[in-house]
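Note that the structure is predicted; figures quoted are calculated from it, not measured. Residue numbers start from 1 in every chain, and the chains themselves are labelled A, B, ... in the order their sequence lines are given, proteins ahead of strands. Below, all heavy atoms of this structure are taken into account, side chains as well, without hydrogens, waters or symmetry copies.
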Amino acid sequence: ENFAASTWLPQQASVPTGYVTFAERVAEATNGDINFEIFVGGALLPPRETLQGVGRGVAMMGQITAVYTPADLPLNNVVNDLGFLTLSDAVGSLAATDVRFNNADLQSEWSDHNIIYSGSFSTPTYYIQCTSPIRTLADAAGKNIRATVGAQVDFLTSIGAVPVSVPGSDVYSGLERGSIDCTLLASDALLSLKTIEVVTHVTELPLGVFLGGATWGFNKDFWADQTPENRRILLDQTAIALVENIIFTTNLLAKANAAAVDKGLEIIAPDAGLQDALTAFNATFLADLPASEMEKRSIADPSDMVNEYVAAQEKWTALLADVDLTDHAALLKLVNAEIFSKLDENTYGLN
Amino acid sequence: MDRIEIGMAGVAITLLLLAVRTPIGVTLGIVAFVGIWILTSLSAAWSIVTAIPFDFITNWNLSAVPTFLLMGYVASATGLTKGLFASIRMFFGRVPGGLASSTVLASAMFASASGSSVATAAAFSRIAVPEMLKSKYDPGLATGAVAASGTLGSLIPPSILMILFGIFTDTSVGALFLAGVIPGIISAGIYIGMITVRSSLNPSLAPPHNETYTRAEKIQGLKEIWPLPTLIVFVLGGIFVGVFSPTEAGAVGAFLAMVIAGFRGTLNWPVMKKALVETAEGTSTTFIIALGAVMFVRFLGLSTLPEFVAEVLLPVTDSPVYLIAMIAVLYVVLGMFVDPMSLMLLTLPIVLPLTTSLGIDMVWFGIIVIKLLEIGLITPPVGLCVYVMKTSLGDQVSLSVMFKGVFWFLAMDVLTLTILVAFPILSLWLPSLAQ
Amino acid sequence: MKWAVTRISNTMEYAAAAVLMLMMLHIVIDVIAKYLFSTSIPGTLDVVANYYMVATVYLPVAFVELRGRSISVDLFYQWFPDPMKYLARVFGTAVSILFFSLLAYQTSIDAVQSFAKGEFVDGAYIVITWPARFVLPISFGLVVIVLLVRIVHELRSIEDTPLVPVDHDIETESLYEGVE
Ligand code: NA
Ligand code: NA
């Protein structure tokens with residue numbers, strides 16, 4: 001049977017690429033019981049509509065990015081805010097997936113929108129890409145820096161930089177013409193958004209990741225209609241897709257870094273002053289987070305969930321410390337052992 | 001019916017409804033709603049009504065349109081444009097089609113600051129067209145010149161379309177920017193050549209201005225030139241030195257126009273009110289069409305008709321020129337209905353493997369594609385550059401007259417494209433210097 | 001009825017004009033703040049997109065429809081015989097009523113839901129967006145009323161007469177004051 005699946009990213013990005021192979025494998029493993037037809041680039045559901053669209057069955061699977069519907073998914077957006085503290089896409093992907101599967105409040109938020117959560121995918125770490133060097137606090141002062149997230153804005157303000165909002169389509173010409181000095185972006189954007197052409201310096205001060213949402217989210221009725229065997233296949237294939245996304249991103253970053261070296265971009269390690277400023281900011285940020293989230297999102301105290309995420313982050317940092325991030329078998333073994341094998345296809349999402 | 005047939009039926013019904021004068025935005029929206037309902041489900045159809053009206057405004061790079069329109073309105077309503085155009089009449093009155101040619105030049109200059117074609121057309125629809133009509137220019141020539149020159153906004157850097165093309169095809173945006181400069185100048189030059197030839201063969205298109213002026217009158221005329229060039233230099237300069245972004249430029253330009261008019265004592269409350277009210281109305285009218293167009297593109301995408309047309313048209317061939325000719329046909333056909341950005345996203349996945357297999361230079365190909373995509377902005381039935389102008393001119397010039405006027409410029413675009421295809425060096429020379 | 005919808009449409013048009021002026025000033029002040037004082041107005045981009053643009057685009061639609069100024073293709077229409085012109089006018093308005101009714105219905109549901117969950121944009125700054133959602137159903141609702149008034153008017157007369165007298169119009173006739 002044919003089912004629509006929707007991702008809002010363009011075809012060549014990692015998630016749509018993963019969706020296509022995911023669909024092929026699921027079709028094969030289920031003998032054509034589940035045949036996903038992939039709509040990319042938001043042709044069926046743009047980012048802001050995906051949550052509702054999958055919930056209502058416009059698509060049966062979708063890439064649901066929580067930040068686009070903050071009022072619908074308040075607690076899942078607290079997870080996103082925690083992404084500011086996360087240091088890599090692999091840790092981010094797996095810690096977010098771990099917590100979103102296991103925290104009852106996060107689960108019920110998806111369930112309320114008729115969604116079965118099945119895994120998150122994180123972007124790589126955001127650094128400061130500039131047209132002039134930033135190494136010290138003094139360098140940063142007064143620089144116009146494009147930022148898109150509250151924590152980034154607060155941090156930039158705290159070090160005397162000027163956070164500015166610029167539409168995505170103006171970033172390239174903004175850097176080229178000098179209306180902005182820097183933009184916060186992950187290094188893969190050097191290639192995927194072409195900023196490598198206009199940026200001359202990258203300051204490797206880690207300013208967070210984006211933790212997505214339900215990168216694989218299923219319609220709840222669709223999920224319930226499947227046999228347990230097919231639900232197991234969907235879970236197992238999601239684990240594989242998650243691992244392949246991590247490998248895809250690792251390779252992409254290696255390619256971007258090589259291109260940066262090739263182009264003669266200066267990769268700057270921030271000095272102690274700048275690094276300390278971030279460490280101090282992060283400590284306060286985490287301490288204040290539950291209270292500020294309660295106010296910002298009108299939710300109950302999220303401290304438990306915040307602690308679970310911080311613990312998951314530590315756990316995955318340790319687990320991944322000795323793993324080659326391009327080793328498919330090793331990653332899959334870890335992901336299955338820690339997350340997916342613990343899910344019961346006979347009960348998950350069915351209550 | 002399969003999907004593609006539903007897509008074709010949708011296109012046919014759209015043309016039929018448009019022919020009996022159903023409003024354009026409404027037609028596109030209704031056909032999209034019913035089409036998506038048939039293709040997928042009623043809930044999918046409602047989802048486009050839910051989301052698009054609010055979201056496309058915040059996502060689309062049309063947000064520069066109202067501010068550029070306002071700049072044009074203020075400049076013309078407060079008489080900032082009068083002095084310059086009067087002087088052009090005074091000094092170049094005998095040059096056939098001089099006002100239209102000057103407009104093309106000014107648009108090309110403006111394009112080097114603005115990244116958006118529709119915004120460029122919006123700015124000049126009010127600055128130049130009324131002045132040409134006052135000089136008894138043929139309405140088709142006057143409006144065609146502005147709409148067609150608007151498309152230079154994406155060919156001459158900076159260009160949002162080029163950035164997207166570069167990202168999508170992994171081509172250097174910087175190289176594309178450089179590559180667009182000469183083709184942009186050629187396009188403008190060919191437009192001017194056509195205007196000059198047509199106007200000298202048929203002086204009624206652009207009546208020559210044969211009055212003679214005394215030296216004193218000429219000096220007086222020169223004193224009145226400054227407002228519009230000052231405005232344009234401020235806006236261009238501001239973008240070049242990075243004081244503001246292209247999107248911000250419209251607002252700054254409108255504000256400066258008010259300041260300059262204030263200094264000249266031509267700014268008063270009724271004039272301001274008129275400029276604001278008419279800009280709001282023009283923005284609204286254009287965006288209702290754009291709203292319908294966005295819904296319609298969603299329908300076409302779901303019907304897979306664009307992919308089908310691409311697959312049918314695009315041959316497996318080892319002749320790059322033949323392939324590019326077919327790509328041109330593809331883009332002109334689909335460009336009738338689909339805006340440039342969506343068209344690129346819908347078709348490039350099919351087009352790219354073919355061009356890569358032939359080893360076609362992507363910078364050169366990019367310039368051809370941008371030029372082709374831009375043609376869609378001035379072809380009926382969905383031609384936003386023409387509609388943004390229509391809204392700012394009201395009932396003075398009918399749509400059929402505008403599209404007829406545009407036809408001549410389209411013919412010139414074909415000529416330009418032929419030259420660009422025949423001589424890749426025209427696109428590739430500047431980028432090669434930069435390496 | 002006609003008097004009331006005319007007044008309301010005109011008021012909304014003027015509101016859109018005022019919003020446009022505000023948008024311009026807001027962007028200009030933001031630019032000046034960035035350039036001269038190395039600071040910027042928080043959330044300018046989101047406010048422009050979610051409030052100013054929405055108001056500028058949708059508030060004037062009723063005004064446009066009241067004067068029959070939405071854009072359509074007149075190429076074939078001009079050759080139609082009078083009875084066909086009559087039918088085409090009524091049909092065009094009927095389809096418009098259908099379209100704007102769909103929009104009014106769905107966007108009012110959306111606006112209420114948006115209010116209920118307190119919708120906002122979670123970007124560089126928090127910008128509450130639910131109030132802007134109400135601009136849509138209000139605008140589209142009035143458009144439907146205007147179109148109903150218009151279709152009654154069109155059904156009554158075989159001639160193509162304007163719904164509102166051109167004299168009461170907001171001075172479009174002065175557009176070409178220089179043209180003799
Ligand atoms: Na340009
Ligand atoms: Na077109």
Worksheet item: Should the pair R21(B) and F76(C) be classed as cation-pi, given the thresholds of under 6.0 Å to the six-membered ring centre and 45° from the axis?
Response: no

Fill in: Leading residue by heavy atom contact count with chain C [cutoff under 4.5 Å; candidates T50(B), T22(B), L18(B)]
T50(B)

With a 4.5 angstrom heavy-atom cut-off, which part of [X] approaches chain C: side chain, backbone, both or neither?
X: L17(B); result: side chain
X: I289(B); result: side chain
X: F33(B); result: side chain

Look at [options] and state which one has the largest set of heavy-atom pairs under 4.5 Å with chain B.
options: T93(C), V64(C), I71(C), V73(C); answer: I71(C)
options: F100(C), Y58(C), F140(C), Y105(C); answer: Y58(C)
options: V54(C), D74(C), V135(C); answer: D74(C)
options: M53(C), K85(C), R89(C); answer: M53(C)

Practice prompt. Name all residues meeting the side chain to side chain donor-acceptor pair (under 3.5 Å) criterion together with K404(B); count only those two or more places apart in sequence or in a different chain, and write none if there are none.
Written response: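 So K404(B) forms no side chain to side chain donor-acceptor pair (under 3.5 Å) with any residue.
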
Item to complete: Let me know if L136(C) has heavy atoms under 4.5 Å from chain B in its side chain, its backbone, both or neither.
Response: side chain

Worksheet item: Given that the side chain runs from C-beta out, which part of E65(C) has a heavy atom under 4.5 Å from chain B: side chain, backbone, both or neither?
Response: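 Neither part; nothing is under 4.5 Å.
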
Item to complete: Assess whether atom CZ of F80(C) is packed by more than 12 heavy atoms of other residues, nucleotides or ligands within 6.0 Å.
Response: yes

Worksheet item: Residue by residue, which of residues 16-28 of chain C have a heavy atom closer than 4.5 Å to a heavy atom belonging to chain B?
Response: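 Residues A16(C), A17(C), L20(C), M21(C), M23(C), M24(C), L25(C), I27(C), V28(C) are the ones that qualify, each having a heavy atom under 4.5 Å from chain B.
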
